[in-house]
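A short worksheet on the structure shown next.
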Amino acid sequence: MATHCPYCALQCGMTLREEADSVSVLPRDFPTNRGGLCQKGWTSTELLGHPDRLTSPLLRDPASGELRPASWDAALDRITSGIRDVQEQHGRDAVAVFGGGGLTNEKAYALGRFARVALGTRHIDYNGRFCMSSAAAAGMRAFGVDRGLPFPLSDLGRADTLLLVGANPAETMPPLMRWLTEQRERGGKLIVVDPRVTATARQADLHLQPLPGTDLAVANALLHVALTEGYVDGEYIATRTTGFTAVKRTVAGWWPARAEALSGVPVADLAETARALGTAGRAIILTARGAEQHAKGVDTVTGFVNLALALGLPGRPGSGYGCLTGQGNGQGGREHGQKADQLPGYRRIDDLEARAHVARVWGVPADELPGPGVPAYQLLDSLGTEAGPRALLVFGSNPVVSAPRAARVEGRLRDLDLLVVADFLLSETAALADVVLPTAQWAEEDGTMTNLEGRVLRRRALRPPPADVRTDLAILAALTTRLQTQGRAPSYRLVHSKGPLLTAGTPSDEADAADPHAVFAELRRASAGGIADYAGISWDRIDATDGVFWPCPDDEGPDSPRLFTDRFATADGLARFHPVEHRPAAEEVCADYPLHFTTGRVLAQYQSGTQTRRVAALRRAAPEAFVELHPDLAERLGVADGEPVRVRSRRGEFQAPARLSPGIRPDTVFAPFHWGGRARANSVTNDAVDPISGMPEFKICAVRVEKA
Ligand SMILES: Nc1nc2c(c(=O)[nH]1)N[C@H]1C(S)=C(S)[C@@H](COP(=O)(O)OP(=O)(O)OC[C@H]3O[C@@H](n4cnc5c(=O)[nH]c(N)nc54)[C@H](O)[C@@H]3O)O[C@H]1N2
Ligand SMILES: Nc1nc2c(c(=O)[nH]1)N[C@H]1C(S)=C(S)[C@@H](COP(=O)(O)OP(=O)(O)OC[C@H]3O[C@@H](n4cnc5c(=O)[nH]c(N)nc54)[C@H](O)[C@@H]3O)O[C@H]1N2
Ligand code: SF4
Ligand SMILES: [Mo]
């Protein structure tokens, strides 16, 4: 069965095969991974028959307080009566939904519709807020569209200069490194910006090692040098952009010595970087979470977008700016309406025309659609409070481990009247739930995923889910039917494409709503005419090609592997410069908390670790959390390699063994966030958020480190 890996946004092609007592994985030659897989992909089928797998619904027993196996009827009844009680007492918005960037397009779409129509709540958001939101917002305001890479991944192999800012693909997308190897073999120059000497930085021709949180100063200084040394493309600026004058004024103040003083990146390296970008025939600038997960993430990305625009890169063949999307469907997950301010097709929920269009597809009056909700952290932080939602349904996220200031979020979840988690494993968040619903895994469902290039791909079911396990779509459909028969939800119809609109509540409607192909057909109509237009994308078309790039408005017309060649997606077709100023991190170091703390990933673990911590080979490769620190710092603290240390911030603490590394700045400490419990890095992270994107500041806060 030809499908794609369940994990990251590279969505490597793989083939699954049923063996006697397991499912084997074979890498598949696909344009992005060209036959490569990382260790996570190779071992991905181990979870299908894992003993920890959830095989029936669980209900919390009021007497013992424990989760106990229950029937689907009992579980769904508990959920719908809980929703009814909460909404009767506190209004529609008292129920909230939290989604994930790992859900297929069909599920993300169905979840958004479920929240807005079946529940009638404005409160839905998702973990992509913690992931892509800063680059997305910066892309929207500069280009009028947010597609992570506006060009095929293979362009990376042909760039003369490639600047990677806050990205460590050698660990986060290993098969992508093939393109970087090709790039350097062709004589290209790779420049990496990271406070640590990562596996990626080791392959670079030049490594800039800034203090975390100073990338914006670096970006402005690079543009400053580009201006003074004459690399900017005046003709491109004049014909394809607006707003450069204000940016020019801002960066005039960012002479390289000033950026060096803040970031620690030597003036000579800044000059060399600007020169390498400015004189290259083809140059690409990419950002990832290192630059984006800051309370100024949108402005930092904008700083690099400004640089790319001034050099005339976006839309020029083989050149441009892009962001490396993270989750399996991180791209599609943000297009179909599980974001608080969005409707399908990347439409804005406060746009009257957009509301009218989507309401027509959904068969409801437009004025019955709720307005925008609030970004993920604000939502989580309001749960169970006077003003916040009292019930939450989680599909595809584990915020107890992955949210910033996680102890506080955990407290909020505990204060809820009703917490429902759909998962195939008992995540730390599911362990707190009143109702846990067992869902199908990726190899047991059909659907589509949109990879980091905006390429829509097919996920194919190898086998049906275990007997008492349902797909997310089937769960949403069953809940919808129940809410309607209870007369609690607004009267609406399950709209599908196979025939005329039908009144909801009949089994055939429920079956349709649970059918990913029918849901995709509806998604196409809902997205038609939007920014992320899928109207011309069919499963057959995807099957016939190596995926289809959106926008693709017509069945017969072309898709869009390369954006911006003639115009940007703004009303006048011009890209927008925005002047951006560096500002300090939300929390600065002080005598009590003298070290900069930053977080990220390791190769063998994925996200909150629910899945990969249960895979034997991955657990062997990365058995536990660690605190990476410079040997000089360790000596000052009196800590030896492997000794347990305690990392403390104003918000909490966690413990893990020290890992001494000369590759990290001596003023900075790093830890991966894949573990919960005592080793939870997010116990200390800062919940300050970007004012535009709502992105939390995962990548810098002030800590103290001591021997545990
Ligand atoms: N193995 C593995 N792969 C994954 C994932 C996973 O969990 N595990 N998750 C997937 C997802 S959802 C995502 S979003 C991507 C993330 O992919 P990446 O963005 O590559 O991953 P991170 O490790 O979060 O951050 C990248 C680098 O940013 C650096 N950094 C920290 N602070 C700063 C800073 O202030 N400035 C700069 N310039 N760099 C900084 C860190 O040292 C780190 O090496 O990975 C995807 N792939
Ligand atoms: N300190 C720090 N924190 C971070 C980050 C960081 O760099 N530093 N990165 C942030 C980023 S970029 C991200 S993307 C988030 C990710 O963090 P989370 O949102 O917690 O993501 P996952 O760990 O992938 O959680 C997915 C959960 O859903 C389940 N699941 C997987 N697929 C499905 C499905 O199809 N349906 C259902 N119902 N369940 C499913 C999995 O078993 C798992 O329990 O973490 C963020 N947190
Ligand atoms: S790089 Fe990403 S998509 Fe490819 S095998 Fe690894 S986790 Fe899966
Ligand atoms: Mo992410």
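One-based numbering, in listed order, for ligands and for the atoms of each.
Within the 4.0 Å heavy-atom cutoff, Lys699 counts among the residues contacting ligand 2. Residue contact check for ligand 2: Gly101 places no non-hydrogen atom closer than 4.0 Å to it. Remark: distances from the non-hydrogen atoms of Met132 to ligand 2 are all 4.0 Å or more.
The protein non-hydrogen atom at the shortest distance from atom 2 (C) of ligand 2 is Phe698 CD2, 3.3 Å. Of the protein's heavy atoms, Thr599 OG1, 2.9 Å lies nearest to atom 8 (N) of ligand 2. The nearest heavy-atom contact from the protein to atom 1 (N) of ligand 2 is Asn682 OD1, 2.8 Å. Scanning the protein for heavy atoms near atom 16 (C) of ligand 2, the closest one is Gln607 NE2, 3.4 Å.
Shown in contact with Cys131 at under 4.0 Å from a heavy atom are these atoms of ligand 2, numbered in order with element: 12 (S), 14 (S). Ligand-side atoms of ligand 2 in range of Ser608: 20 (O), 22 (P), 23 (O), 25 (O), range being under 4.0 angstrom from any heavy atom. The ligand atoms of ligand 2 that sit less than 4.0 angstrom from a heavy atom of Asn398 are 18 (P), 19 (O), 20 (O), 25 (O). Atoms of ligand 2 found under 4.0 Å from any heavy atom of Gly396, numbered from 1 in the order shown, are 26 (C), 27 (C), 28 (O), 37 (C), 38 (N), 39 (N), 40 (C). Every atom of ligand 2 is numbered from 1 in the order shown, and the set under 4.0 Å from a heavy atom of Asp423 is 27 (C), 28 (O), 29 (C), 41 (C), 42 (O), 43 (C), 44 (O). Using a 4.0 Å cut-off to heavy atoms of Leu103, the atoms of ligand 2 that qualify are 34 (C), 35 (O), 36 (N). Atom numbering of ligand 2 starts at 1 in the shown order; those under 4.0 Å from a heavy atom of Lys107 are 34 (C), 35 (O), 36 (N). Counting atoms of ligand 2 from 1 in the listed order, those under 4.0 Å from a heavy atom of Asn127 are 18 (P), 19 (O), 21 (O).
Residue contacts with ligand 2 for Gln441 are absent, since no atom lies close enough (heavy atoms, distance under 4.0 Å). Counting heavy atoms under 4.0 Å from ligand 2, residue Ser427 touches it through the side chain alone. Using a 4.0 Å cut-off between heavy atoms, Trp442 makes no contact with ligand 2 at all. Proximity of Asp472 to ligand 2, defined as any heavy-atom pair under 4.0 Å, is confined to the side chain (atoms from C-beta onward).
Not a single N or O atom of Gln327, backbone or side chain, sits closer than 3.5 Å to an N or O atom of ligand 2. Among the atoms of Arg459, none of the N or O lies under 3.5 angstrom from an N or O of ligand 2. Between Thr685 and ligand 2, no pair of N/O atoms sits closer than 3.5 Å. Checked against a 3.5 angstrom limit, the closest N/O atoms of Ser402 and ligand 2 fall inside it. Polar contact with ligand 2: present for Ala422 (N/O pair, distance under 3.5 Å).
The closest non-hydrogen atom to atom 31 (C) of ligand 2, taken over Phe597, Phe130, Tyr126, Phe424, comes from Phe424. The heavy atom nearest to atom 13 (C) of ligand 2, considering only Arg601, Arg129, Arg289, is found in Arg601. Ranked by closest heavy atom to atom 5 (C) of ligand 2, the top entry among Phe395, Phe673, Phe98 is Phe673.
The shortest side-chain heavy-atom distance between Arg289 and Lys699 falls under the 4.5 Å cut-off.
Counting only distances under 2.8 Å, and ignoring water, the protein N, O or S atoms around atom 4 (Fe) of ligand 3 are Cys12 SG.
Here Glu292 does not pair with Arg129 in a salt bridge; the nearest charged N to carboxylate O distance is not below 4.0 Å. Comment: Glu628 does not engage Arg659 in a salt bridge, judged by the lack of any side-chain N to carboxylate O separation of less than 4.0 angstrom. Glu171 has no carboxylate O lying under 4.0 Å from a charged side-chain N of Arg601, or vice versa, which leaves the two without a salt bridge. Under the 4.0 Å criterion applied to side-chain N and carboxylate O atoms, Arg680 and Glu410 are assigned as salt-bridge partners. Look at Asp446 and Arg458 and you find a salt bridge, because one of the NZ, NE, NH1 or NH2 atoms lies within 4.0 Å of a carboxylate O, short of that distance. Using a cut-off of 4.0 Å between Lys/Arg side-chain N and Asp/Glu carboxylate O, Asp146 and Arg334 are scored as salt-bridged. Ionic pairing of Glu445 and Lys107 is present here: one or more N-O contacts between side-chain nitrogen and carboxylate oxygen are shorter than 4.0 angstrom. Using a 4.0 Å cut-off between charged side-chain N and carboxylate O, Arg459 and Glu106 make no salt bridge.
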Query - Derivation and outcome, ring pair (Phe, Tyr, Trp, His ring centres under 6.0 Å), residues Phe698 and Phe130 - result: CA-CA 8 Å; Phe698 287 120; Phe130 298 163; 5.6 Å; yes

**Report entry** Glu182 vs Arg34, salt bridge (Lys or Arg N to Asp or Glu O under 4.0 Å): CA-CA, chis, key distance, verdict
**Finding:** CA-CA 12 Å; Glu182 178 179 323; Arg34 296 196 298 189; 3.4 Å; yes

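Thr300 and Asp215 share no side-chain donor-acceptor pair at under 3.5 Å. Side-chain polar atoms of Ser649 and Asn686 form no donor-acceptor pair below 3.5 angstrom. A donor and an acceptor atom, one from each side chain of Ser693 and Ser134, are located under 3.5 Å apart. Remark: the Thr200 side chain and the Asn168 side chain contain an N/O donor-acceptor pair separated by less than 3.5 Å. Asn398 and Thr610 share a side-chain donor-acceptor pair at under 3.5 Å.
By the 6.0 Å and 45° rule, Arg196 stacks over the aromatic ring of Phe670. For the pair Arg460 and Trp442, the cation does not sit on the ring face, since its NZ or CZ is not both under 6.0 Å from the ring centre and inside 45° of the axis.
Between Thr104 and Gly447, the shortest heavy-atom distance links the atoms CG2-CA, 4.5 Å.
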